[in-house]
2 protein chains.
Amino acid sequence: MRAVEKIAASLRDKGLKLTPQRRLIIEILSKDRSHPTVEDVYKQVVEVMPEVSRTTVYNTIREMSSLGEIVEVQDLSDGGIRYDTCAESHHHFFCISCRTLRDVELKMPHAAEFSDDLEGCEIVREQMTIYGICPSCRDAAKKAGKN
Amino acid sequence: MRAVEKIAASLRDKGLKLTPQRRLIIEILSKDRSHPTVEDVYKQVVEVMPEVSRTTVYNTIREMSSLGEIVEVQDLSDGGIRYDTCAESHHHFFCISCRTLRDVELKMPHAAEFSDDLEGCEIVREQMTIYGICPSCRDAAKKAGKN
DNA sequence: CACTACGTTGTAATCATTATAAATATAAAC
DNA sequence: GTTTATATTTATAATGATTACAACGTAGTG
C-alpha cells in the first residue's frame, strides 16, 4: 500500500483531509490497473461503503487528478474518462476491434530528442497510445476472412 | 482540397452518399487544424448552411471516424471529444496550464522497436501526447513567482 | 410516376459530469 | 476531551455532450 501513503501525504501537504472515503477511493484506484472510469470506481467503492455518493468519487478523483497523483488517459468515447495511477510511467495499446486498453512498456528515448517544436516547454509527462488490432482479434478476423 | 476528394472516394466505396452537408463538414474538418469538437464544427457549418442540424454533424463525424478518415484525439475533459483529420501523422503537446493542444512534429522511430509487449499486434497508428507547460505559461508563472 | 434506400431534421431521451446547499466529519487548538 | 474553523460528504438538481427515434426529403431505378 505504498501508493496510498504517498497520496495521503500529498493530500496533507495541501491541507486536505484524509477521510475514510478518500482513503478507500485511493486504495481502489491504486490497485485497479484496468483504467477504470469514475463509474467503475464508484461501483467498487459502494461494495465496501454502500453509503458513499457518486459526487464524492467524482470530487476525490478530480482533486487527485489536479494534484497530479492520477492521470486521465485517452478517452475512448465509451462512457466516461478513464483514470490511471501514474506511479510508474507507461504507455498504452488500444485495440480498435475489441476496444480494450492495455499497458505497454516502452523503453523509449524522450520525445524532446526528436523535435524542435518543444523548445522552451517544460515537459511533465509523455504518453504514447498505440492503436491497432490485438493478436486475438487479428486471429478472429483471419478465421472469419476465410469465407 | 485533396483531403476532401480522398474522403469522398472513401464514402463512395462504402456505398455512402456525398451530400452537400457531408461535403461541407469534411471541408471544414480538413481545413481546421485546431482539433475542434463537434460543437466547434457545427458552429462553422451553420455559418454556411444555417439549416444543418447538430445530428447531421454528429452522424457524419461518427461515420468518418469509423471509416478511419478522421480520428479522435485525447479528450481534455473540456467539453466534448476533439477530432483531427489524420492526413499526416503527427503528435500533440498539451499545456496543462492554458489547456491548449498543439501539433508537434516528432521524427521518432516506431514504438514497436522499443517493446516486446506488441508481439503479434497489428499497429495502425501511434499517437504521442506530451504534457507540460508551454513557454508563455512558463514565463507567466516565473513573473508571478517573483512576489 | 411510384419504389426503394439512404440522409436529414427536430425533438426527446440518455449518460457523464458539475453546481449547490444543508448536514457532517476532521484536524488542530485549547 | 471539548471546541472551533474548515473541509467534506451527501442528495438533488442542473448542465452539457451525445444518441435514439420518427417523420420528412432526396436521388436514382424501373
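A note on names: the letters A, B, ... follow the listed sequences, proteins ahead of strands, and every chain is numbered from 1. Not measured: the values here are computed from a predicted model. The analysis underlying the following values was restricted to heavy atoms, covering all of them including side chains, and did not include hydrogens, waters or symmetry mates.
- A side-chain donor-acceptor contact under 3.5 Å links A:Asp103 and A:His35.
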*Would you give a per-nucleotide map of nucleotides 20-30 of chain D, 5' to 3', where B means the base has a protein non-hydrogen atom under 4.0 Å away, S means only the sugar-phosphate does, and - means neither?*
B----------

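- For A:Ser53, whose side chain is taken as the heavy atoms from C-beta onward, the closest listed nucleotide among C:dT17, D:dT10, D:dT19 is D:dT10.
- B:Ile26 contributes atom CD1, which lies 7.5 Å from atom OG1 of B:Thr60 (distance to the nearest 0.5 angstrom).
- A:Asp139 and A:Ser136 form no side-chain donor-acceptor contact under 3.5 Å, judged by distance and modelled atom types alone.
- Nucleotide C:dT14 holds its P atom 20 Å from the CZ atom of B:Arg54, rounded to whole Å.
- C:dA28 atom C1' lies 16 Å from atom CG of A:Leu18, rounded to whole Å.
- Between A:Lys14 and A:Glu63 there is no salt bridge, since none of the side-chain N atoms of the basic residue sits less than 4.0 Å from a carboxylate O of the acidic one.
- Contacts of A:Glu105 classified as salt bridge (Lys or Arg N to Asp or Glu O under 4.0 Å), with partners at least two apart in sequence or in another chain: none.
- Among the atoms of the strands shown, only primed sugar atoms or phosphate atoms (P, OP1, OP2) are found under 4.0 Å from some heavy atom of B:Arg22.
- A close approach under 4.0 Å does occur between a side-chain nitrogen or oxygen of A:Gln21 and OP1 or OP2 of D:dT10.
- In this structure, a donor-acceptor pair under 3.5 Å is absent between the side chains of B:Gln21 and B:Thr56.
- No salt bridge links B:Glu27 with B:Arg22; every basic N to acidic carboxylate O contact stays at or beyond 4.0 Å.
- The CD atom of A:Glu51 sits 14 Å away from the P atom of C:dT24 (whole-angstrom rounding).
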_A:Lys107/B:Glu113 under salt bridge (charged side-chain N to carboxylate O under 4.0 Å, His left out): CA gap, chis, key distance, verdict_ = CA-CA 9 Å; A:Lys107 295 173 217 74; B:Glu113 295 179 25; over 6 Å; no

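- For DNA chain D, no neighbouring residue in residues 38-48 of chain A is found when judged by any heavy atom under 4.0 Å.
- For the OP1/OP2 pair of C:dA25 and a distance below 4.0 Å, the side-chain nitrogens and oxygens of A:Thr19 include no atom meeting the criterion.
- Distance check, rounded to the nearest 0.5 Å: CD1 of A:Ile7 to CZ of A:Arg23 gives 11.0 Å.
- Residue contacts for A:Pro20: at a heavy-atom cut-off of 4.0 Å it reaches the sugar-phosphate backbone alone, with no base atom in range.
- Dashed line: the shortest gap from a side-chain N or O of A:Tyr58 to OP1 or OP2 of C:dT18 is not under 4.0 Å.
- Atom-to-atom, CE of B:Met49 to C1' of C:dT9 comes out at 12 Å; the value is rounded to the nearest Å.
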